[in-house]
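Report on one structure; see the data block that follows.
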Amino acid sequence: MSFPYKKNIEKSMKKFYDSLCEKNKRRYAAIESEKLSHGGVNYISALLECDPKTIRQGKKELTELELDITGIRQPGGGRKKRPLPPEYSGIDQDFLDILQQHTAGNPMNSSGAIKSTVNFSKY
C-alpha cells in the first residue's frame with residue numbers, strides 16, 4: 001500500500017484523532033478518507049487504527065449532518081458586559097468633533113492631512 005502522507009503528518013493525524021470524541025473521530029476519518037478517494041478508507045482505517053465500518057458510518061453522518069450554528073456556549077456565557085461610566089457617555093462624538101476641527105484635505109495625499117498638531121490629553 002502506498003502512503004500518500006509523510007510520516008510526520010501521519011503522526012500528527014493520529015495524535016489529533018486520538019484527542020477527539022467518538023462522534024468526531026468518525027467524521028474526521030471520513031473526511032480524510034474522502035480526500036484520498038480510491039483506497040482512502042483502507043489507508044485511513046489502517047493509519048488511525050479504526051474499523052472501515054466506522055469510516056462509512058462517519059460518511060453517512062456527514063451527508064445527513066445539518067449545520068449547527070448555535071455554537072458551544074450556552075446563552076449568557078462569557079464575560080458580562082459592563083456599561084460605560086457616565087463620564088464616557090458621548091466620547092465618540094467628542095472624538096469626532098476634535099477630529100473634524102483638526103483635519104483637512106485628502107487623506108490619500110500626504111500634504112495637508114493634519115491642520116495642526118494637537119494635544120488630545122487636554123480634551
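The side-chain heavy atoms of Leu36 and Tyr5, taken from C-beta on, include a pair separated by under 4.5 Å. For the pair Val41/Lys59, a side-chain contact is recorded, criterion being any heavy-atom separation below 4.5 Å from C-beta on. Counting heavy atoms from C-beta on, the side chains of Met13 and Ile44 come closer than 4.5 Å.
Residues satisfying the salt bridge (charged side-chain N to carboxylate O under 4.0 Å, His left out) test with Lys14, not counting sequence neighbours, are Asp18, Glu49. In this view, Lys35 and Glu32 satisfy the salt bridge (charged side-chain N to carboxylate O under 4.0 Å, His left out) rule, not counting sequence neighbours. In terms of the ring-ring contact (aromatic ring centres under 6.0 Å, His included) criterion, residue partners of Tyr28 (sequence neighbours excluded) are, by chain and number, Phe16. Take Asp94 and apply the side chain to side chain donor-acceptor pair (under 3.5 Å) test, not counting sequence neighbours, and it matches no residue. Remark: Gln93 pairs with Asp97 by the side chain to side chain donor-acceptor pair (under 3.5 Å) rule, at least two apart or across chains.
Contacts classified as salt bridge (charged side-chain N to carboxylate O under 4.0 Å, His left out) and involving residues 36-45 (residues at least two apart or in different chains) are not found.
Once rounded to the nearest 0.5 Å, the distance linking CZ of Arg26 with CG of Asn24 reads 9.0 Å. His38 contributes atom NE2, which lies 13.0 Å from atom OG of Ser33 (distance to the nearest 0.5 angstrom). Rounding to the nearest 0.5 Å places NZ of Lys6 at 12.0 Å from OG of Ser12. Between Leu48 atom CG and Ile55 atom CD1 the span is 6.5 Å, to the nearest 0.5 Å. Once rounded to the nearest 0.5 Å, the distance linking CD of Gln57 with CZ of Arg27 reads 10.0 Å.
Listed here is the closest heavy atom pair of Asp51 and Ser45: C-CB, 4.3 Å.
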